[in-house]
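What follows is one structure encoded as structure tokens, with my remarks underneath.
Everything numeric in this text was worked out from a predicted model, so none of it was measured.
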Amino acid sequence: MRKRTAFYGLAALLLFLSTGLSVSVRPADEPLFTQRPNILWILSEDISTELACYGTPVVQTPNLDQMAKDGIRYTNAFTTAPVCSPSRSAIITGMYQTSIGAHNHRSHRDDGYKLPAPVKPITDYLRQAGYYTVNVKTAAPGVTTPTKTDFNFLPDHPVFDGTDWNQRQPGQPFFAQLTIDETHRGKAWKTVVKQHESHIRPEDVVLPPYYPDHPVARADWATYLESIQLMDSYVGKILQRLKDEGIADNTVVIFSGDNGRCHARDKQFLYEGGIHVPLIIRWPGKLKAGQVNTDLISAIDISATILKLAGVTPPAYLDGRVMLGKDAKKRDYIIAARDRMDETVDKMRCVRDKRFKYIRNYRPEVPYMQPNAYKETEYPMWNLLKELNQQGKLTSAQALFVAPTKPTEELYDLQADPHELSNLAASAKHQKTRDRMRTILDTWVRETNDQGQYPEEKIWLPKK
């Protein structure tokens, strides 16, 4: 990792808020706040922007829709990796997973790997500032959540202080991370989802054109949307708990995905379905309600902003940028990376601005659909695509993903081609755009010392 000097300390939150945050009008002599805010970050696993407030038909998400009406809905938020462990390693540190050696999925679980100095989990800085840090276990009455961390490193000490914010000292502010796993493909999809009262008919869903219009695909997509509806009901119960405890007005609530949706071409890949996530922030009386923000946001920017909201000056070494207040720094592009996923070795990097996305495939000789036990056993559409391809029943758009090799470079005009189906990397009209993004990626790899340049010392394989 490149050498950077860390400077951090306790900053005045009042100065931050009064010089850049959109707030309600108050008398000049009335303080904007009397205490530091609580901060609750709700992470829903494996979802993209399939919420009603993002324009998805059929699905019903009244609680998140209301949260968006009460706060800010971001339309261009992205994770730095398309799978949980590298993405969450980046989130908890405010660093690209490639900068800290946490880029390979489920790596460094048993080898004692430590974060490179001076990197620390952001909870260390929050704790030093007086916050009680929580990895929530019981989110609300009837809502038990997994205390998932999934970090690709061994922390020096526990990352969180407790499992519920009610364990803190009286008057102590808290930072809580809360995972909702009902949207993660698995047990919830097969059983718990069916308990939700509002069912979605497979024939009513709208599939992306790169998936076959087949009963298996439609049923699988409908179940995914039902899992989102169930998750939304949990969000409603969590927000109600804050209200019942009298702390809703002084709690910043952040909702996002930890990576994109768990479908064949999405999770584990750098297309929009793998890295584009919902992001909604609510802070009653402090953030102007009903905002729609189109800025490019990386998930590690949320981490940097949380420190700033807590009155902590983000360390200078952070890759994340503050995205609220006078210190906000807008991005011209975001970068995301895919490396080894379970037993499947691959390497991809992407640069995305508001219009174009550039993907570099470092192993073009291997297919997108390399053997992967997780995908083959859990994703009905994975095997469906292979079967229909053998039968010659895929459209040209659907056949792209089952090709025996990958292009070295991919370039997409997301305005004209939001589903990323027309590769413009060889287009004479788009050479300047391709070359510009090539340069951005090359510079980023060099300046961040992307650890994906180096061979993994020990390949992790699933235990038999």
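- No salt bridge links E45 with R185; every basic N to acidic carboxylate O contact stays at or beyond 4.0 Å.
- T61 and D232 are not linked by any side-chain donor-acceptor pair at a separation below 3.5 angstrom, with hydrogens and angles left out of the test.
- Ion pairing of D124 with R127 is present here, as a side-chain N (NZ or NE/NH1/NH2) and a carboxylate O approach within less than 4.0 Å.
- With no hydrogens or angles considered, no side-chain donor-acceptor pair links N76 and T294 at under 3.5 Å.
- With respect to K330 and D301, no salt bridge is recorded, no charged nitrogen being found less than 4.0 Å from a carboxylate O.
- The number of heavy-atom neighbours closer than 6.0 Å to CD of Q169, taken from other residues, nucleotides and ligands shown, is 12 or below.
- Once rounded to the nearest 0.5 Å, the distance linking CD of Q453 with NZ of K347 reads 6.0 Å.
- A heavy-atom distance below 4.5 Å is found between the side chains of L324 and I72.
- Pairing each heavy atom of M341 with each of V83, the nearest pair is SD-CG1, 3.3 Å.
- H103 meets the ring-ring contact (aromatic ring centres under 6.0 Å, His included) test with no other residue; sequence neighbours excluded.
- Counting all heavy atoms, side chain and backbone alike, P37 lies closest to P173 at O-CB, 4.1 Å.
- Salt bridge annotation for D353-R436: present, with a cationic side-chain nitrogen under 4.0 angstrom from a carboxylate oxygen.
- A salt bridge links K114 with D156; the closest basic N to acidic carboxylate O contact falls under 4.0 Å.
- A donor atom on one side chain and an acceptor atom on the other are found under 3.5 Å apart for N259 and D46.
- If you check the side chains of Y358 and Y412, you find no donor sitting under 3.5 Å from an acceptor.
- In plain terms, the two heavy atoms of G112 and L154 that are nearest each other are CA-CD2, 3.9 Å.
- Once rounded to the nearest 0.5 Å, the distance linking OG1 of T75 with NZ of K354 reads 7.0 Å.
- Of the possible donor and acceptor atoms, none in the side chain of R321 sits under 3.5 Å from a partner among the backbone N and O of T305.
- Test I238, L178, I42, I39 against V253 for side chain to side chain contact (heavy atoms under 4.5 Å, CB included) and you get one pass: I42.
- Between the side chains of T183 and S44, a donor-acceptor pair is found at a separation under 3.5 Å.
- A salt bridge does not link R360 to E410: none of the charged nitrogens lies less than 4.0 Å from a carboxylate oxygen.
- With no hydrogens or angles considered, a side-chain donor-acceptor pair links W165 and E245 at under 3.5 Å.
- For the residue pair S99 and D319, a side-chain donor N or O sits within less than 3.5 Å of a side-chain acceptor on the partner.
- For Y132, the ring-ring contact (aromatic ring centres under 6.0 Å, His included) test picks out no residue, with sequence neighbours left out.
- Between D164 and K137 there is no salt bridge, since none of the side-chain N atoms of the basic residue sits less than 4.0 Å from a carboxylate O of the acidic one.
- Under the 4.0 Å criterion applied to side-chain N and carboxylate O atoms, R106 and D150 are assigned as salt-bridge partners.
- Y379 carries K375 over the face of its six-membered ring, with the cationic atom under 6.0 Å from the centre and within 45° of the normal.
- Residues satisfying the side-chain hydrogen bond (donor to acceptor under 3.5 Å, both in side chains) test with D266, not counting sequence neighbours, are Y210, Y211, R261.
- In this structure, the side chain of E447 does not engage the main chain of W444 through any donor-acceptor pair within 3.5 Å.
- Among all heavy-atom pairs drawn from L307 and P315, the shortest one is CD1-CD, 3.8 Å.
- In terms of heavy atoms, S48 sits closest to P278 at O-CD, 3.3 Å.
- Every residue meeting the side-chain hydrogen bond (donor to acceptor under 3.5 Å, both in side chains) condition with R88, not counting sequence neighbours, appears here in chain and number order: T179, D258.
- Shown here are the side-chain hydrogen bond (donor to acceptor under 3.5 Å, both in side chains) partners of Y333, two or more places apart in sequence or in another chain: there are none.
- Between the side chains of H108 and D111, at least one donor N or O sits under 3.5 Å from an acceptor N or O.
- In this structure F160 satisfies the ring-ring contact (aromatic ring centres under 6.0 Å, His included) test with no other residue, sequence neighbours excluded.
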